[in-house]
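Beneath this line is the structure, given in structure tokens, with notes to follow.
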Amino acid sequence: QVQLVESGGGLVQAGGSLRLSCAASGNIFSINAMGWYRQAPGKQRELVNVKGRFTISRDNAKRTVYLQMNSLKPEDTAVYYCNSIPARLNWGQGTQVTVSS
């Protein structure tokens, strides 16, 4: 079973950028769709909309998926996770992103 480890989160001011990484312990080459999810306090986990400000990329050789986040807003504050789409892998611990206004 593939294990996922997210990193790269932190505290950033509104308008700033962050690049998250998701390292997989196993081979994700056969997984067509990998995505990023997020869970804000008191809300359900949701699939991140990657149109516009966010961009997903992957490096199969490094077994890593990235999320480039630009023009961050306070409402982007959440714990971010990666997983397949739909989510079928074990969830990692996530990485906290906090955007201050």
Linked, directly or transitively: Val48 and Leu89 (ILVMFWY side chains, under 4.5 Å) | yes
Audit row: Arg53, Met69, side-chain contact (heavy atoms from CB on, under 4.5 Å) steps and yes/no = CA-CA 6 Å; Arg53 299 182 294 124; Met69 304 189 295; over 6 Å; no
In chain order, what residues pass the side chain to side chain contact (heavy atoms under 4.5 Å, CB included) check against Arg63, with sequence neighbours excluded?
-> Ala24
Measuring from Ser101:OG to Glu75:CD, what's the distance to the nearest 0.5 Å?
-> 10.0 Å
According to a 4.5 Å side-chain heavy-atom criterion applied to Ile, Leu, Val, Met, Phe, Trp and Tyr, with indirect links allowed, do Leu20 and Val50 form part of one hydrophobic cluster?
-> yes
Give the cluster check for Trp36 versus Val12: same hydrophobic cluster or not, with ILVMFWY residues linked at side-chain heavy-atom distances below 4.5 Å.
-> yes
Straight-line distance of Leu11 CG to Gln96 CD, nearest 0.5 Å | 9.5 Å
Just how far is it from atom OG1 of Thr98 to atom CG of Asp76, taken to the nearest 0.5 Å?
-> 11.0 Å
Sequence neighbours left out, what pairs pass side-chain hydrogen bond (donor to acceptor under 3.5 Å, both in side chains) with at least one residue falling in residues 3-26?
-> Ser17-Asn70
Are Leu67 and Phe54 side-chain neighbours, meaning at least one heavy-atom pair lies under 4.5 Å?
-> yes
In the single-linkage hydrophobic clustering (I, L, V, M, F, W, Y; side-chain heavy atoms under 4.5 Å), do Val2 and Ile56 co-cluster?
-> yes
Distance in Å, Gln93 CD paired with Leu4 CG, rounded so as to fall on 0.5 Å steps = 9.5 Å
Pairs meeting criterion ring-ring contact (aromatic ring centres under 6.0 Å, His included) with involvement of residues 57-98, two or more places apart | Tyr37-Trp91, Tyr81-Trp91
State the OG1-CZ distance between Thr77 and Arg38, to the nearest 0.5 angstrom.
-> 9.0 Å
Got more than 12 heavy atoms from elsewhere within 6.0 Å of CD, Gln44?
-> no
Within the side chain of Thr64, is there an N or O that forms a donor-acceptor pair under 3.5 Å with the backbone of Ala23?
-> no
From Gln39 CD over to Glu46 CD, what is the distance, rounded to the nearest 0.5 angstrom?
-> 9.5 Å
